[in-house]
Structure formats: structure tokens, C-alpha cells
Amino acid sequence: MDFSLTDEERAIRDTARQFITREVMPLEQEALLRERRHQPGLELSELRELQQKAKKFGFWGLSTPEEYGGMNLPAVLQSLIWTEVGRTYIQFKFGGEADNILYYANEDQKREFLIPTIEGERISCFAITEPGAGSDAANIKLSATKDGDDWVLNGEKTFITNGNDADFVIVVAVTDREKGVRGGGTTAFLVDREMGWRSEFIQTMGEGGPAALVFDNVRVPARNILGEIGQGFELGMKWIGKGRYLIPSNALGIAERALGMAIEYANTRETFGRKIGENQAIQWMIADSEVEIEAARWLILRAAWTVDQGWDPRHASSMAKLYGAKMVNEVVDRVMQIHGGMGYTRELPIERWYRQVRLMRIYEGTDEMQRLIISRDLLRGYTKIGGHLA
Ligand SMILES: Cc1cc2nc3c(=O)[nH]c(=O)nc-3n(C[C@H](O)[C@H](O)[C@H](O)COP(=O)(O)OP(=O)(O)OC[C@H]3O[C@@H](n4cnc5c(N)ncnc54)[C@H](O)[C@@H]3O)c2cc1C
């Protein structure tokens with residue numbers, strides 16, 4: 001069994017690390033100051049500039065097919081790069097990307113939505129969650145009613161990432177109540193902001209914030225249907241599926257950097273005439289964190305590898321998301337404890353991580369939903385204990 005990276009994987013991972021270290025991390029102190037003044041840590045124009053710099057380093061469109069100018073990287077490499085991005089608390093991501101389900105667009109829609117999103121000229125958001133339907137996404141109510149050649153959308157979505165900045169939304173609506181959400185009764189629409197939906201900022205414990213989106217008789221032409229009529233829920237689940245190995249990949253980077261800080265602090269901070277790292281209490285926190293990070297790494301890489309094999313990755317991805325989100329919360333909590341009062345201040349990024357990583361246990365499927373998927377697969381015999389090695 002070979003647990004090592006190939007030369008190519010290592011080279012790409014190391015170049016990503018270099019970029020994050022040299023170009024992004026130096027902006028961190030300023031970003032923290034801005035966030036304390038309730039401003040974005042990084043302005044959109046600054047993000048775009050960094051993304052263009054990264055493009056010169058060779059990083060553009062990690063998951064984007066080559067025909068659209070992207071790298072079309074295997075999932076394992078994407079995971080490794082997302083871990084590198086996680087090391088910085090600047091809200092950076094490499095450019096040249098679009099939502100995976102935008103590739104279901106027809107040629108006209110690709111010109112209008114997909115390509116400008118890849119180029120960074122337009123900002124998208126994806127909306128399935130509603131005030132009455134989160135984990136139970138099959139309970140969505142936002143309706144789309146046919147009227148001549150148009151569809152008229154009414155209802156509300158909530159907690160939509162980028163909802164305040166987006167130029168357009170990919171929204172899942174109920175088009176046939178009789179068929180039901182799982183029976184082909186939903187459809188995804190591409191809806192420009194100018195068509196009339198509005199967004200309302202939602203304050204959260206994290207930086208930035210998602211939005212509630214209100215659709216009040218929003219008229220959408222039939223040509224803006226994404227994919228097929230009846231395919232909405234299926235597309236929604238595909239969108240969510242992608243994040244299930246990338247979110248924990250990002251968590252891994254956060255946990256590794258945070259633990260590195262804790263080790264440095266344990267080796268320098270003195271109490272009672274000796275380094276705090278000489279106490280077993282501190283050593284155990286460091287040891288437990290290292291073990292959990294390592295366990296998460298292999299669950300995440302296996303999930304990504306499962307994607308690359310072309311196998312159904314849902315079970316492996318749910319395990320990676322569940323464990324990765326739990327791991328990063330545990331690690332950041334211990335790192336704060338090791339830093340004592342300093343960990344609680346806003347001079348260090350630890351309190352920021354503490355707030356940020358809590359979300360990972362909630363969005364794109366809560367811990368409980370991941371457990372539900374994992375146990376259901378086993379109880380119904382879809383998956384064997386031990387996965388592909390069983
Ligand atoms: C910052 C942020 C960004 C987000 N971004 C997006 C986005 O871009 N697009 C989008 O569509 N959505 C987005 N979401 C929504 C997110 O996916 C939902 O919040 C999440 O799925 C949980 O749904 P809910 O909040 O309605 O909680 P609920 O579904 O009401 O769950 C409440 C609690 O009950 C538990 N629970 C529910 N059902 C069961 C059950 N059967 N068994 C055991 N426990 C159960 C849950 O695990 C949870 O602990 C975002 C949310 C946040 C907070």
C-alpha cells in the first residue's frame with residue numbers, strides 16, 4: 001500500500017503552498033484589522049487581483065474543464081489545494097471556477113452565465129434552503145408557475161452564501177406539486193437579479209454573511225431553465241455533493257496551521273518556571289489533535305480518491321465531512337485553550353477560526369444528516385463496513 005503523493009501531486013501542492021504563503025498570508029494582519037472595523041477582510045477587486053496573480057502561477061479553474069481554460073484537476077489534487085487554501089484565514093479562493101451544475105446549461109446559457117462566472121465577471125449563488133426546509137430539502141415550497149412562455153416565481157430562500165453580492169441565482173423551485181420534490185416536481189432556474197428578486201443580509205457569528213432571497217412574482221423566461229424541467233432537486237444534490245469533500249479539505253488546512261501555532265506557543269510560553277509544553281495536559285492536547293488531523297486526512301483523501309475512481313462518493317464524502325468538521329472544531333478549541341487568554345483575543349486569528357469552523361458542522365448537510373446517510377447506507381446494505389477494502 002502506497003500512502004505517498006506522486007511527484008506531480010507534490011509539485012502542484014507545493015506550488016499552491018508557496019503562493020498562499022508568499023502572496024496571501026502577508027495580507028492577514030490587515031484583513032483582521034478591517035474585519036474588526038466590520039469591513040470585508042479582502043475587497044472583491046483585491047480578490048480578483050490575487051486570482052489573476054495565481055493564474056500566472058498556473059492556478060486557474062481547479063475543477064474547470066480544459067475547454068473552458070481550466071486545469072480539470074483530479075479530486076485528490078483539488079482536495080490537496082483546498083487544504084493549502086485553508087491555511088490562510090484570508091477568504092481567498094482560486095479563480096476560474098463556476099458551480100458544477102452550471103455545466104448543465106445549454107450553449108446560450110453557457111455564454112450568458114457559465115463563462116462570465118468562470119472569468120470572474122459575474123457572481124453566482126445557489127439557493128435551495130428555505131425558512132421551512134433545510135435538512136429536509138425535499139420540503140421546499142418556493143413555487144414556479146407557468147404563465148405563457150414565462151415562469152413566475154414566488155417564495156423565499158434563506159442562508160444563501162454570496163446572496164448579497166450575486167448577479168444571478170441558481171434557484172430550485174417547485175414546478176409540479178403533484179409529482180413532489182423527489183418525483184420530478186422541481187426545476188432549477190437561472191435568475192438574474194434584475195428580474196426582481198431581492199436579498200437581505202443575515203447577521204451570523206462568522207465574517208460576511210449569507211442572505212435571505214425574496215421572490216415576489218419574479219418573472220423568468222423559459223429559456224432560463226437549467227437542465228431539464230423536473231431535474232431541480234437532482235441538480236441541487238449534485239451541487240451539495242461537491243462540497244462534502246472540499247469543506248473538510250479546507251478544515252484540514254485550518255487545523256494544521258492552528259496546531260502549528262499551538263506547538264510554537266507551547267515551546268515558548270513559560271509558567272511556573274518552565275515551558276507549558278512540558279506539562280502532560282498540554283502534550284495530550286497536542287497529541288490528540290495530531291491523531292485527529294491525520295485520521296481526517298485519510299478520510300478526506302479517500303473520499304476524493306473515490307470521486308476519481310468514478311465511484312459513488314456519497315458515503316465516503318459524508319464520513320469525511322462529518323469527521324473533518326468535528327476534528328477542526330476540536331483542534332481549534334484546544335489551540336485556544338493552549339493559548340490561554342491570548343487565544344481569546346482578537347490579536348490572534350484563533351477566535352476567528354473558532355467562529356468560522358462552527359459553520360462546518362451545519363452547512364451543506366449537518367452532522368446529523370451525515371450520520372443519517374452513513375447509517376442508512378449500512379442498515380440498507382448499500383455499503384459494507386470497510387468500504388472498497390471489504
Ligand atoms: C452561513 C451559511 C451559509 C449557507 N449557504 C447556503 C447556500 O449557499 N445555499 C443553500 O441552499 N443553503 C445554504 N445554507 C443552508 C444550510 O445548508 C442549512 O442551514 C442546513 O442544511 C441546515 O438546515 P436548517 O438550518 O434548516 O436546520 P434544520 O434542518 O431545521 O435542522 C435543525 C437541527 O435539527 C437536526 N435535524 C433535522 N432533521 C433531523 C433528523 N431527521 N434527525 C436528526 N436530526 C435532525 C439538524 O441536524 C439540526 O441540528 C447555509 C447556511 C449557513 C448557516
Side-chain angles (χ1 to χ4, degrees), residues 35 40-41 91 93 97-102 117 123-142 144 153 155-174 181-182 186-191 193 197 199-215 226 232-244 246-248 250-251 254 314 317-318 321-326 328-329 352-377 379-380:
E35 284 177 358
Q91 291 201 309
K93 56 179 187 197
E97 292 276 324
D99 308 73
N100 56 350
I101 57 173
L102 272 182
T117 305
I123 299 175
S124 65
C125 66
F126 165 78
I128 189 162
T129 305
E130 297 182 5
S135 305
D136 187 9
N139 197 33
I140 56 168
K141 300 275 187 280
L142 186 141
L153 272 58
E156 198 180 321
K157 294 290 178 185
T158 194
F159 296 132
I160 307 307
T161 304
N162 283 339
N164 296 299
D165 307 312
D167 303 299
F168 72 94
V169 55
I170 310 167
V171 63
V172 182
V174 178
V181 167
R182 290 187 196 276
T186 62
T187 302
F189 291 86
L190 298 161
V191 191
R193 192 180 280 270
W197 55 272
S199 60
E200 291 163 8
F201 187 85
I202 301 172
Q203 298 263 1
T204 65
M205 69 192 272
E207 301 299 331
L213 311 187
V214 180
F215 291 75
L226 178 65
F233 192 69
E234 183 197 326
L235 291 179
M237 293 305 106
K238 282 204 163 78
W239 188 95
I240 288 168
K242 175 130 199 239
R244 294 227 166 123
L246 293 178
I247 291 170
N250 196 249
I254 296 173
R314 281 176 294 184
S317 295
S318 282
K321 164 85 166 53
L322 174 65
Y323 191 77
K326 181 175 186 300
V328 74
N329 276 273
R352 188 189 182 288
W353 279 323
Y354 193 84
R355 290 182 286 115
Q356 177 193 347
V357 301
R358 190 61 184 82
L359 177 62
M360 292 177 170
R361 294 184 51 205
I362 297 172
Y363 73 168
E364 299 194 24
T366 61
D367 286 1
E368 292 71 28
M369 288 304 106
Q370 308 309 333
R371 289 195 177 97
L372 194 108
I373 293 166
I374 296 162
S375 59
R376 192 182 50 198
D377 286 351
L379 288 164
R380 294 185 184 171

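Every number for a ligand or one of its atoms is a count from 1 in the order of the listing.
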Pairs of nitrogen or oxygen atoms closer than 3.5 Å, one from Glu368 and one from ligand 1: do any exist?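 The answer is yes, given that Glu368 and ligand 1 share an N or O pair closer than 3.5 Å.
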
So which protein heavy atom does [atom] come closest to, and at what separation?
atom: atom 42 (N) of ligand 1; value: Met369 CE, 4.1 Å
atom: atom 3 (C) of ligand 1; value: Thr161 OG1, 3.3 Å
atom: atom 29 (O) of ligand 1; value: Ser135 OG, 2.6 Å
atom: atom 9 (N) of ligand 1; value: Phe126 O, 2.9 Å
atom: atom 22 (C) of ligand 1; value: Thr366 CG2, 3.8 Å
atom: atom 25 (O) of ligand 1; value: Phe159 CE1, 4.1 Å
atom: atom 24 (P) of ligand 1; value: Gly134 CA, 3.9 Å
atom: atom 20 (C) of ligand 1; value: Ile362 O, 3.6 Å

Is a donor on one side and an acceptor on the other found under 3.5 Å between the side chain of [X] and the backbone of [Y]?
X: Asp367; Y: Lys326; answer: no
X: Asn164; Y: Gly209; answer: yes
X: Lys321; Y: Met360; answer: yes
X: Arg193; Y: Ala166; answer: yes
X: Arg244; Y: Ser318; answer: no
X: Lys157; Y: Val172; answer: yes
X: Lys93; Y: Gln91; answer: no

At the 4.0 Å heavy-atom cut-off, does Thr204 count as touching ligand 1?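 Flag not set, Thr204 not near ligand 1.
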
Test side-chain contact (heavy atoms from CB on, under 4.5 Å) on Val171 and Leu213 and set out the steps. CA-CA 10 Å; Val171 63; Leu213 311 187; over 6 Å; no

Side chain, backbone, both or neither: [X] near ligand 1, heavy atoms under 4.0 Å:
X: Lys157; answer: neither
X: Thr129; answer: both
X: Leu359; answer: side chain

Nearest heavy atom to atom 17 (O) of ligand 1: which of Met205, Glu130, Glu364, Arg358 does it belong to?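 Of the listed residues, Glu364 has the closest heavy atom.
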
About how many Å separate CZ of Arg376 and CE of Met369, when rounded to the nearest 0.5 Å?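 That separation rounds to 9.5 Å.
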
